[in-house]
Amino acid sequence: MSGPPAGPPPPHAPHVPHAVVFDTDGVLLDSAVVHAAAWKTAFDAFLAEVREARGTPGPPDADGTRGTDGAPGARGTGEPGTSTAPPPAFPPASPPAPPDLAPFDEDADYRRHVDGKSRFDGAEAFLTARGIRLPPGHPDDPPGHDTVWAVAARKEAAFQDALAAAPLAAFPDAAEALTHLHALRIPCAAVSASRHARELLRATGLTPLLATVVDGVDTARLGLPGKPDPALFLHAAGLLGTGPGDAAVVEDALAGVRAGHRGGFRLVVGVDRTPDGRGAAVLRAEGADRVVPDLMTLVRSVWGEIR
């Protein structure tokens with residue numbers, strides 16, 4: 001794609017990264033909140049359907065037992081001269097815990113289960129965490145509740161509705177930071193698990209400041225595994241003409257920070273844009289070398305001011 005040429009980087013101190021791979025949603029674009037709201041629409045509708053389908057359990061039998069379908073449990077014939085069934089050799093296994101059907105939390109659940117992941121991986125991770133198993137289905141499944149892909153399609157529909165209602169914007173510091181790095185001849189890439197990233201970056205005017213973009217369309221075409229696997233970041237670094245030992249990863253998602261750490265990048269940066277900095281500790285715990293509140297804080301602290 002078009003963008004500033006990578007070119008040879010200027011001389012820097014050995015510890016300073018010569019290239020930067022930025023996550024897109026929540027780092028460059030103010031889109032994480034829109035993704036979180038779309039996931040909530042999809043998951044809460046699904047969870048409501050599960051609650052309705054489960055209904056209310058039938059009443060127990062007079063002796064407190066019930067079969068698996070609510071019918072009286074077998075206790076032997078009860079006729080004189082007959083014995084009841086012998087006890088099992090081992091205690092019966094405990095029944096599986098019921099699924100957690102509480103509504104989706106746009107902060108905690110989003111960050112823990114879906115942020116930074118593809119739609120399918122995010123849907124599967126959240127459902128698994130709630131004790132719900134669905135068949136995978138097919139990528140062409142329409143929005144619904146019968147398969148993981150159907151739930152993911154519900155999220156996509158909600159996200160498209162949100163985009164139609166209001167365009168997304170880049171964070172004010174994104175263009176400033178990319179412009180600063182461009183002036184220093186530090187090549188930059190934007191990556192995302194979303195298939196919308198390339199078009200949204202173009203719409204917000206950031207594309208000319210990027211050497212390359214790798215989005216969900218590319219990961220599907222190349223068969224790259226999703227975060228926390230580092231494959232997406234490693235591929236982007238390769239397109240910038242460098243390896244992880246000379247590059248930085250900048251992420252807001254826990255899965256993305258884990259990916260950067262696993263990939264052996266020289267610098268893994270967590271971005272915590274919360275007003276009270278409440279996300280900093282967990283980003284560090286996942287492997288962030290440093291946590292910043294915005295991108296210009298990062299650029300100034302690592303590469304300094306433009307003179």
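Nearest heavy-atom pair across Arg111 and Asp252 is NH1-O, 3.8 Å.
Take Asp44 and apply the side-chain hydrogen bond (donor to acceptor under 3.5 Å, both in side chains) test, not counting sequence neighbours, and it matches Lys40. For Phe46, there are no ring-ring contact (aromatic ring centres under 6.0 Å, His included) partners at least two apart in sequence or on another chain. Considering only residues two or more places apart in sequence or on other chains, Asp276 meets the salt bridge (charged side-chain N to carboxylate O under 4.0 Å, His left out) condition with Arg278. Residues forming a side-chain hydrogen bond (donor to acceptor under 3.5 Å, both in side chains) with Thr297 (at least two apart in sequence, or on another chain): Asp294. Under the ring-ring contact (aromatic ring centres under 6.0 Å, His included) criterion, Phe159 pairs with His35, His196, not counting sequence neighbours.
Ring planes of Phe104 and Phe43: tilted class, angle from 30 to 60°.
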Sequence neighbours excluded and cut-off under 3.5 Å, please list the side-chain donor-acceptor pairs for residues 167-174, or say none.
from, atom 1, to, atom 2, distance (Å)
Asp173, OD1, Arg273, NH1, 3.1
Asp173, OD1, Arg273, NH2, 3.4
Asp173, OD2, Arg273, NH2, 3.1
Asp173, OD2, Leu295, N, 2.8

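A salt bridge links Glu176 and Arg300; the closest N-O separation between the charged side-chain nitrogens and carboxylate oxygens is under 4.0 Å. Classification of Asp215 and Arg221 as a salt-bridged pair fails, no side-chain N sitting under 4.0 Å from a carboxylate O.
Residue-environment remark: NE2 (His261) stays at or below the threshold of 12 foreign heavy atoms within 6.0 Å.
Side chains of Arg290 and Ser301: a donor-acceptor N/O pair is present below 3.5 angstrom, by distance only.
Proximity of a side-chain donor or acceptor of Ser31 to a complementary backbone N or O of Val34 within less than 3.5 Å is not detected. No donor-acceptor pair closer than 3.5 Å links the side chain of Asp109 to the backbone N or O of Glu106.
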